[in-house]
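Numbering of ligands and ligand atoms starts at 1, following listing order.
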Amino acid sequence: MIRLDRFLCEAGAGTRSDVKKLIKGGRVTVNGAVVKNADEKVGESAVICLDGKALSLTGLVYYLLHKPAGVVTATRDAHEKTVLDLMKEAPGKDLFPVGRLDKDTEGLLLITNDGDLAHRLLSPKKHVDKTYLVRTRRPVTAQMCRQLAEGVDIGDEKPTLPAKVKPVPGSLEELLLTIQEGRFHQVKRMLMAVENEVVYLKRLSMGPLWLEDSLKKGCFRPLTEEEKKKLGISDTPAAGRC
Ligand code: URA
């Protein structure tokens, strides 16, 4: 048996205080009946719904974090502030970042405890698009764009795969670069390979996920149902809607 509020937290419905409000508001049912008591004990086989949608205790949770510069992409670190230090109140166990952004890189980072999803997004064979806003030390020439688009030698066994390069209107020192790999310091090394240099880097997208302007640096939010669908995640258990 588990307390209803704890169940909701572990299912990713919100923080302890969020779920208490949901329960008080009559939005939670247990086996079809509204329960307004957060202390209620629920059994393993109970069907628990929030706004009519069954919640699962797989415990899998998905967040989009706007990583600021100055924090490291790690679950813990003896000296540095980590991305998970920014997410202490996020419900869910064993969270980890999917992929890595450098300490000085900002932008979209998916945080989850779903290892299968991480594997699917990071597998080199899957060619998941990642778009970066890149600001450079020197103006980006048409030739640099062509080289980046074709693939460049960054000192690895193979050159980088073809990338999409888009200019940023009104700025000669910025570009939007979409790559399908995730090699170490890849964008910085690609710009070095064309004799330029990254002075600012922000990831705007990963697969179907895009960072919206309203999500401020250092803030996170759960993925929407639509985003989860696009990622092929179905968190509705067999019980379905109730
Ligand atoms: N490429 C880089 O060089 N750094 C990042 O943080 C991400 C991609």
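Pocket lining of ligand 1, defined as residues with a non-hydrogen atom under 4.0 Å away: Leu101, Asp102, Thr105, Tyr132, His185, Gln186, Val187, Lys188, Leu201.
Side-chain contact of Glu106 with Tyr200: a donor-acceptor pair under 3.5 Å is present, judged by distance alone.
Of the listed residues (Val98, Leu110, Leu122, Leu60), just one forms a side chain to side chain contact (heavy atoms under 4.5 Å, CB included) with Leu117, and that residue is Leu110.
Of the possible polar contacts, one joining the Asn113 side chain to the Lys93 backbone as a donor-acceptor pair under 3.5 Å is found.
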Show the numbers, then the answer: is there a side-chain contact (heavy atoms from CB on, under 4.5 Å) between His66 and Lys202? CA-CA 10 Å; His66 186 166; Lys202 178 178 185 177; 3.9 Å; yes
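One finds the CG atom of Leu86 at 9.0 Å from the NZ atom of Lys67 (value rounded to the nearest 0.5 Å).
Arg6 has a carboxylate O that lies under 4.0 Å from a charged side-chain N of Glu10, or vice versa, which qualifies the two as a salt bridge.
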